[in-house]
Q: 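Got a structure for you, written out below as structure tokens; questions coming shortly.
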Amino acid sequence: MAVKLENKYLYSFISSEEYDEILPQIKIAHKMLHLKTGLGNDSLGWVDLPNTYDREDIKKINKAAQKIRHDSNIFIVIGIGGSYLGAKAAIEFLKSHNYNFLKKNTPKIFFIGNNISSGAISELLEMCKEKEVSINVISKSGSTIETSIAFKIFREFLENKYGKEKAKERIFVTTGKGSGILRKMADEKGYISFDIPQDIGGRYSVLTPVGLLPIAVCGANAEEILNGASAAGGDFQKNDIENNICNKYAAIRNILYKKGKQIEILVGYEPRLYGITEWFKQLFAESEGKNSKGIFPSASIFSTDLHSIGQFIQDGNKIIFETVLQIENNSLDIVIKKSKNDEDKLNFLEGKTISHINKKAFEGTVLAHTDGGVPNIILNLKNISEYTLGYMIYFFEKACAISGYTLGINPFNQPGVEAYKKNMFALLGKDGFENEKEELEKRLKNSER
């Protein structure tokens, strides 16, 4: 197994009786997912995707990625939420959080369309002026305003730089099938396009062209990612807790939640895990945060954040538990050398590797935090590879679904996200929102008093 779960630091927090008590709920959730009888069952295409994915589509993705690498110094991914977080996480995990600064034969990859910042857009446009650029716009509906604005600006940039005919060879569209804005534009203008399956929501879409095209551009093996996910799908078939770490993780989270642990911090001890923690936050927040329920997902990179929020974790309000990602095999390492006269007082570390010291930091921290009343779940990742990445992605996706069903909510919708969109469209004067605009403007004026 490319991901293993350790619960040895939970013995003082969860009893065997509590596992027995929640097991029937976990089994029901597992059944609902596989029989597609639960809420949101029209969004379960991701469950079997690693095994049903048409490998011919991988060839199309690889061909497009090769063209992008050949044509471009800079590749821009335009999307928000699930349309970019998975790809960004994968590139950082597989290559480096410093990917854009490394010497390589692949283009720099930037992500835009995930905010409404004129500064961010202007700076990226400036960086593109003297470079060869390709873009990939990603939106299932084609109407997400952050993404649409950025796509409009960078599409016009490419058309001005290369002319409309040559620009369309540098524009790649990933969107839903049917009659959406982006689908219509891609068909009319002749952009190379990829389909987002209708039965897969954004935060579960990293194993579709949404994530696989940008990941392939960085030189990673998309098919091996799917192989890892497929293996995970096979390993997580048993409907129990002892032999299925997806079910076990979901069970632990729900037990701790009932005990008042309302915040989960996903912790990594390597900066390359930062993107994974950001993807995790969206996956679990949008899936579980509804009906006034849910565990709030947070994230930290240690030991960095031990010097910022470590005090609160150790001695603050006991509403937190931690899930720690540990990479078992890290090929890059540095050995500490002896200093003359021990001038830096570090000779006690002579001959030890940075990875060894990092592991001792982890061991010291997990003991301190559990002593301080903070439960710790450990997820051991076998190595840094495409296979492990795919395995981990599928693990979190399925565990999230099981956990959400156990919580008694629909893990596949996000009604709260639509609220701000409706208000923003109304205030901007979009057609069809005239009545809402008047009411919202009144409320804003009243709030100023």
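Quick caveat: nothing in here was measured; it's all calculated off a predicted structure.
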Q: With a 6.0 Å cut-off (strictly less than), is the heavy-atom count around NZ of Lys31, excluding the residue itself, greater than 12?
A: no
Q: Apply ring pair (Phe, Tyr, Trp, His ring centres under 6.0 Å) to residues Phe395 and Tyr391 and explain how you reach the verdict.
A: CA-CA 6 Å; Phe395 164 79; Tyr391 198 104; 8.0 Å; no
Q: Would you call the rings of Tyr405 and Phe412 parallel, tilted or perpendicular, taking 30° and 60° as the class edges?
A: perpendicular
Q: Take Glu278 and Lys88, measure what salt bridge (Lys or Arg N to Asp or Glu O under 4.0 Å) needs, and give me the verdict at the end.
A: CA-CA 9 Å; Glu278 291 298 296; Lys88 189 172 187 296; over 6 Å; no
Q: Kindly check if the number of other-residue, nucleotide or ligand heavy atoms within 6.0 Å of CD (Gln66) is above 12?
A: no
Q: So, is the end of the Lys430 side chain (NZ or CZ) under 6.0 Å from the ring centre of Phe425 and within 45° of the ring's axis?
A: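 Pair Lys430/Phe425 counts as cation-pi.
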Q: Are Phe194 and Phe172 close enough that their ring centers fall under 6.0 Å?
A: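 No, the ring centres sit 6.0 Å or more apart.
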Q: Assess the side chains of Glu6 and Asn380: does a donor N or O sit below 3.5 Å from an acceptor N or O?
A: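 A donor-acceptor contact under 3.5 Å links the two side chains.
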Q: Please confirm whether Arg253 makes a cation-pi placement over Tyr249, using NZ or CZ under 6.0 Å from the six-membered ring centre and within 45° of the ring normal.
A: yes
Q: Can you name the ring-ring contact (aromatic ring centres under 6.0 Å, His included) partners of Phe362, sequence neighbours left out?
A: Tyr269
Q: Would Phe110 and Phe75 count as a ring pair (Phe, Tyr, Trp, His ring centres under 6.0 Å) here? Give the steps.
A: CA-CA 6 Å; Phe110 293 97; Phe75 177 55; over 10 Å; no
Q: How about Phe321 and Phe13: are their ring centroids closer than 6.0 Å?
A: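 So the answer is no for these two rings.
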Q: Please verify the inter-ring angle class for Phe280 with Phe396; under 30° counts as parallel, over 60° as perpendicular, anything in between as tilted.
A: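 Perpendicular.
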Q: CD/Glu322 to CD1/Ile313 distance, rounded to the nearest 0.5 angstrom?
A: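 Interatomic distance, Glu322 CD to Ile313 CD1, rounded to 0.5 Å: 5.0 Å.
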Q: For Tyr257 and Phe296, I'd like to know if the aromatic rings sit close, meaning centre-to-centre distance below 6.0 Å.
A: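 Here the rings of Phe296 and Tyr257 have centres that are no less than 6.0 Å from each other.
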